[in-house]
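Have a look at the structure below, then the notes.
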Amino acid sequence: MRIGILGTGTLAAALGEGWSRAGHDVVIGGRSQVKAERLAERLGPEVLAVAPREAVVGRDAVLLAVSWDGVEDMLGLVGASEGSLAGTPLIDPTNAVAHGVGVLLTEHGEPMAKRIAGLARGAHVVKAFHLFPADRWTSSPGAGQAGVTVAMCGDDSAALRVVGELVRDVGGTPAILGGLDRVRQLEEAAGFVIGLAFAGFDPSSAVPRVPSSPVSD
Ligand SMILES: NC(=O)c1ccc[n+]([C@@H]2O[C@H](COP(=O)([O-])OP(=O)(O)OC[C@H]3O[C@@H](n4cnc5c(N)ncnc54)[C@H](OP(=O)(O)O)[C@@H]3O)[C@@H](O)[C@H]2O)c1
């Protein structure tokens with residue numbers, strides 16, 4: 001796939017490495033061209049640094065790997081309101097939560113994915129990759145360690161399929177929770193995990209083990 005990554009930080013680096021290793025064609029666009037070039041160089045000769053606008057043109061998927069409060073600026077830089085991302089699966093991994101506390105910081109609790117859908121005309125927004133630390137995508141699970149499930153929300157089934165493939169390519173199992181009308185639950189889950197972790201509890205010990213029924217995909 002041709003993948004555009006917006007952002008040059010920790011998550012951009014981890015998923016850029018994972019997807020490039022899986023054989024995808026990855027380009028990086030950041031507000032700082034110098035940082036984009038530095039990251040592309042670190043990821044290897046197949047990864048290119050491009051201007052943000054170029055990072056979204058003709059891509060099979062775009063990852064919006066920027067801080068939640070930088071989303072509007074970045075979408076402005078790429079011309080999202082003019083439809084530059086129309087029809088493109090746009091992955092939203094953002095966590096608009098207070099560090100160490102986990103409270104959602106968006107105005108009136110509006111989910112980030114919905115805000116992004118409102119800013120990026122015609123984009124097929126998929127919430128995914130927000131719950132696990134970035135280094136999960138560059139390290140394989142240890143012996144006896146279970147793989148991870150990446151819960152996702154989105155309204156477009158083709159976009160969910162594309163993002164599901166990208167989840168598998170970095171060792172995860174995709175699980176669709178529902179459409180963007182359920183995305184608030186997914187975003188609040190990050191606050192739940194962060195809140196418990198910072199209070200000294202293992203978040204996975206705070207959810208019951210419920211038998212799952214096998215599904216075919
Ligand atoms: N790191 C993780 O483990 C992890 C896991 C799950 C989800 N996430 C989410 O993924 C997103 C990226 O996280 P990260 O850890 O990669 O963050 P990071 O290392 O701090 O990088 C943030 C990126 O956002 C860019 N940015 C910030 N404000 C901007 C603005 N106004 N306009 C354009 N670009 C702007 C930064 O550009 P500059 O460098 O130029 O400032 C940088 O490229 C966040 O929303 C985070 O909540 C992260």
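Basis for what follows: all heavy atoms, side chains included, without hydrogens, waters or symmetry-related copies. Counting starts at 1 for both ligands and their atoms, in listed order. We're numbering straight along the sequence, starting at 1.
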(request) Check if P133 has a non-hydrogen atom at a distance under 4.0 Å from any atom of ligand 1. (result) yes
(request) Using a distance threshold of 4.0 Å (strictly less than), state whether atom 23 (C) of ligand 1 has a protein heavy-atom neighbour. (result) yes
(message) Which residue and atom name correspond to the protein heavy atom nearest atom 44 (C) of ligand 1, and how close is it?
(response) V66 O, 3.3 Å
(message) Could you see if L77 belongs to whatever hydrophobic cluster contains I5? Use Ile, Leu, Val, Met, Phe, Trp, Tyr and a side-chain cutoff under 4.5 Å.
(response) no
(request) Among all protein heavy atoms, pick the one closest to atom 21 (O) of ligand 1 and tell me residue, atom and distance. (result) G9 CA, 3.5 Å
(request) Give yes if a backbone or side-chain nitrogen or oxygen of H130 is under 3.5 Å from a nitrogen or oxygen of ligand 1, and no if not. (result) no
(request) Around atom 47 (O) of ligand 1, find the nearest protein heavy atom and jot down its residue, atom name and distance. (result) N95 N, 3.1 Å
(request) Identify, for atom 17 (O) of ligand 1, the protein heavy atom at the shortest distance, and state residue, atom and that distance. (result) T10 N, 4.5 Å
(message) If I take atom CE from residue M74 and atom CD1 from residue I116, how far apart are they, to the nearest 0.5 angstrom?
(response) 12.0 Å
(message) Between K114 and E187, does any side-chain N to carboxylate O distance fall below 4.0 Å?
(response) no
(message) If I take atom CG from residue L119 and atom CG from residue L85, how far apart are they, to the nearest 0.5 angstrom?
(response) 11.0 Å
(request) Quick one: look up the protein heavy atom nearest atom 30 (C) of ligand 1 and list residue, atom name and how far away it is. (result) R31 NH1, 3.2 Å
(message) Considering non-hydrogen atoms of the protein only, which is the closest contact for atom 43 (O) of ligand 1, and what is the distance?
(response) T8 N, 2.8 Å
